[in-house]
Amino acid sequence: MTVFIIRRTLQAVIVLLVMSAIVFLGVFAIGDPVAILISPDATQADIDAAIRNLGLDKPIWEQYLVFLGNALQGNLGDSFVYNEPAIRLILQRMPATLELAVVAVLLSIFVGIPLGMWAGLRPSGVAGKSIMVGSIFGFSLPNFWQGIMLILLFAVILGWLPAFGRGDTAEFLGIRSSLWTLDGWAHIILPAINLALFNTSLVIRLTRASVREVIGLDYVKFARAKGLSRRRVVGVHVMKNIMIPLVTVIGLELASLIAFAVVTETVFAWPGMGKLIIDSIFVLDRPVIVAYMMIIVLMFIAINLIVDILYSVFDPRVRLSDMKR
Amino acid sequence: MSLRKFALAATTALVLTAPAAWAEDLVIAVASEATSMDPHFHNTGNNNQIMRHIYDRLINQGPNQELLPGLAESWGPTDDPNVWEFNLRQGVTFHDGTPFTADDVAFTLGRAGDVPNSPSGFGTYTADIASVEVIDDHTVRIHTDAPVPLMANNLSTISIVSRAHGEGATTEQYNAGDVAIGTGPYRQTEYVPGDRIVMEANPDYWGEAPAWDTVTVRPISSSASRVAALLAGDVDVIANVPTADIAQLEDNPDVSLSQGVSNRVIYLHLDSDREQTPMITAIGGGDIENPLLDQRVREALSLAIDREAIVEEVMEGIAIPAGQLLPEGFFGVSDNIDVPEYDPERAQELLAEAGYGDGFAVTLHGPNDRYINDAAVLQAIAQMFSRIGLETQVDAMPRSVYFGRASDLEFSVMLVGWGSGTGEASSPLRALIATNNPDLGWGASNRGRYSNPEFDAILTEALQTVNDAEREALLAQATEIAMQDIAIIPTHFQVNTWGTRPDLQYIPRTDEYTLAIGVVPAD
């Protein structure tokens, strides 16, 4: 186990190094931040001053080495447009994104798994078929359009919920979140549904497929023959065995919901990290882009690690030290 | 009751009733958020419009960018044209109660161009200042090395901060709010990046009492969501209503629209300097001499553009055809220039005269996320060029890629927009058309590298002429030369649209700013 974690950590360092170099060069190749940030009225002297201010007058390899040196001390640079440490900007917005992603994942679990199991246990019933058809819509409707339709229906026409933004926050157990207030929930429902729709469909289909596979296996037949109640067979024996693919997918999906909730955050003007990264990309705010990517890579690595450990919990045959991938 | 007492009572009643009729909270949704609460960190519209609430300037710009008294009651050059004198308003206090004095002006002018890490500071407007002399608490003299007729326009961009708080203050401290002390009609109370800026009325404001108790400015970048938020009643005012939605919203009783022409001209810049230009070839490939060097070809391109069609079809009627750099009514606009008539036959004749009767192949470049319908305008222009026999292609790209490449002179014909921050003609003339000269600071955005010594001479003279009427005539003359030469091809002026609740309206501004003071009850 320890060896496994150490090996993973070493891999993470290498990935981070490679990734930071790619992003650094990538942003450099896209364009010149000063050309976008500078006021049109500026003279050449002003432009030169801005280039010096942002440290862009040095050769790119020198800029990268300076960045690496600072990064080793925990400083990923100051944002060009906010003039604040990039890390702080991202961490400031992380709670908003995290609460959105968590609510969305919970939605997809608590809606997706029961529906998927129903569809898997009664594949030819009307309900089962309707669930499967519904899940196709969840997959295929564009996220952006869904979001606008949700706003149109629940905010503009019905007027039940606010159209955009994050609600009031409160502090509870040392965590400041909008989930502790009613206003916060009113604001989070629509974006969370929007974010969850795709994943709910994914979970439904995955659950159904796994249930169909497991239900015909010998141990299920044996459990039934033994006279166990249907509830126990489905709730314990089937459930436990379909969890492995689900945990993998849900874990990775949680990570990608956190990292790439860009569309939902833009449609609902949700002040999260996705909104920050897309704004930063538009103006080539390199320190924020690089810092964001590093945080996201770290997060993916961590979640993968947790998923691997969860495997061994769900399936005792799996030994972590065997997993050399 | 003595007369004096009555007068006082009447004033009190006025103060209590007039604004109280609609004193409430106002929520404004803008497309792009302010990225900093430091008034001198980044000179960009998103930030400047917020600063106009919290800070005053010596000289204010009205809705049409006309100069109005701000913290200076009067100003002007002294007998020595190199010295400007500003007489400051008395009895003005900062939000913390301390009095505003000349010393704060001196401090501000020093800080404005000198904020660490600034990606675009205000040094552009203070560079001409040699020294600031404080005569007494309410008189300031600004010394320059040469006459600077635009001193008043330049200073109308700079927010005045308090020395007591601003000295040594960092951008972070302004963001946190503890040093964000101005004299403006609203006070900064909350700044949550990416989410909201909240300001509350300053009860001691020297000017007209602020009409709103609190003003909240929230960024909603998706235009569909912005419109939906207004329709849902979650916000009271939205900026940048998309042109595609305007026709439908006009019929909606729950929304009122306010429109006004902006100071922004959309134009084509032409590479009219190099012998060979990267994006023009003979038809079917093969290098040719740069046809844009020939004035007749440039004129042909201008005549080939059906500006009415662009306005009607692409902009849905929400724009004004342009024949010069600023719309009618601005300082320095020439009365002698008409919008060029659409005339494809004449354009083809001109091409033939110039030896390009068979046309040539050209790629047009432009941004696709910067101006209203920018990529669609470019497509339309390309079709019009095809009609006169040019093999035309379009390459529209995100602004993050576009502007850097345009400034590196990688393009031949490019679509750009220019808003005159000073509200008069010298700004575009100097930046777009004057010969590129980094030492002088001229032609910084002259991406076509047009150069005409006669034009430069007149502009130089204009920028040294302190007399307004003479300067205006010179600027108009310079504009006429540039348009005669087809230094650039203006296509249209943008018209901006704001949406409000039906009981409100917005006084449109040519500088495109969205300000709480411009939100007034509907008539």
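Throughout, protein chains are lettered first and strands after them, A, B, ... in sequence-line order, and every chain is numbered starting at 1. As the structure is a computational prediction, the values presented were derived from the model and not from experiment.
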Visitor: With a 4.5 Å cut-off on side-chain heavy atoms, are A:R166 and B:R196 touching?
Guide: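 A side-chain contact is absent here, since even the closest heavy-atom pair is not under 4.5 Å.
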Visitor: Pick one of side chain, backbone, both or neither for B:P219, based on which atoms fall under 4.5 Å of a heavy atom in chain A.
Guide: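 Backbone only.
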Visitor: May I ask you to name which of A:A45, A:G31, A:P40, A:A155 has the most heavy-atom pairs under 4.5 Å with chain B?
Guide: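 Ranked by contacts with chain B, first place is A:P40.
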Visitor: Side chain, backbone, both or neither: which part of B:W418 has an atom under 4.5 Å from a heavy atom of chain A?
Guide: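 Only the side chain of B:W418 comes within 4.5 Å of chain A.
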Visitor: Of all of B:S427, B:G233, B:G404, B:S222, which one pairs up most often with chain A through heavy atoms under 4.5 Å apart?
Guide: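 Going by pairs under 4.5 Å, I would pick B:S222.
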Visitor: What residue, out of A:T43, A:L54, A:L89, A:N83, has the most heavy-atom pairs lying under 4.5 Å from chain B?
Guide: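 With the most close heavy-atom pairs to chain B, the winner is A:N83.
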Visitor: Let me know if B:Y125 has heavy atoms under 4.5 Å from chain A in its side chain, its backbone, both or neither.
Guide: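 When you check distances to chain A, only side chain atoms of B:Y125 fall under 4.5 Å.
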Visitor: Specify which of A:A50, A:A49, A:S39, A:A269 makes the most heavy-atom pairs with chain B at under 4.5 Å.
Guide: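 Of the options given, most contacts go to A:S39.
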Visitor: Under the side-chain contact (heavy atoms from CB on, under 4.5 Å) rule, what do B:S225 and A:I151 come out as? Steps first, then yes or no, please.
Guide: CA-CA 8 Å; B:S225 307; A:I151 295 176; 4.3 Å; yes
Visitor: In terms of heavy-atom pairs under 4.5 Å, which option from B:G443, B:A224, B:A431, B:G194 contacts chain A the most?
Guide: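 Among the listed options, the one with the most contacts to chain A is B:G194.
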Visitor: Filter on ring pair (Phe, Tyr, Trp, His ring centres under 6.0 Å), then keep only pairs touching residues 66-102 of chain A, sequence neighbours left out; what's left?
Guide: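 Matches after skipping sequence neighbours: A:F24-A:F67.
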Visitor: Given a strict heavy-atom distance threshold of 4.5 Å, which part of A:D48 is in contact with chain B: side chain, backbone, both, or neither?
Guide: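 The answer is neither part of A:D48.
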Visitor: Check whether A:L158 gets within reach of chain B through its side chain, its backbone, both or neither, counting any heavy atom under 4.5 Å.
Guide: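 Neither part; nothing is under 4.5 Å.
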Visitor: Please classify the contact between B:R405 and chain A as side chain, backbone, both or neither, with a heavy-atom cut-off of under 4.5 Å.
Guide: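 No part of B:R405 comes within 4.5 Å of chain A.
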Visitor: Between A:I36, A:D41, A:L276, which shows the greatest number of heavy-atom pairs under 4.5 Å with chain B?
Guide: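 Between A:I36, A:D41, A:L276, the count favours A:D41.
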Visitor: Atom CD of A:E84 and atom OG1 of B:T170: how far apart are they, to the nearest 0.5 Å?
Guide: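 Output value for this atom pair is 8.5 Å.
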Visitor: Which bit of B:D369 is near chain A, if near means a heavy-atom gap under 4.5 Å: side chain, backbone, both or neither?
Guide: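 Contact with chain A involves the side chain of B:D369 alone.
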Visitor: Using a strict cut-off of less than 4.0 Å between a Lys/Arg side-chain nitrogen and an Asp/Glu carboxylate oxygen, indicate whether B:E33 and A:K275 qualify as a salt bridge.
Guide: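 Result for this pair is no, no salt bridge flagged.
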Visitor: Could you name the residues of residues 112-124 of chain B that have a heavy atom within less than 4.5 Å of a heavy atom in chain A?
Guide: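 The list, in residue order, reads B:V115, B:P116, B:N117, B:S118, B:P119, B:S120, B:G123, B:T124.
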Visitor: Is the backbone of A:V81 close enough, under 3.5 Å, to the side chain of B:H42 for a donor and an acceptor to pair up by distance?
Guide: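 Checking the backbone N and O of A:V81 against the side chain of B:H42, no donor-acceptor pair under 3.5 Å is found.
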Visitor: Pick one of side chain, backbone, both or neither for A:L152, based on which atoms fall under 4.5 Å of a heavy atom in chain B.
Guide: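 Neither part; nothing is under 4.5 Å.
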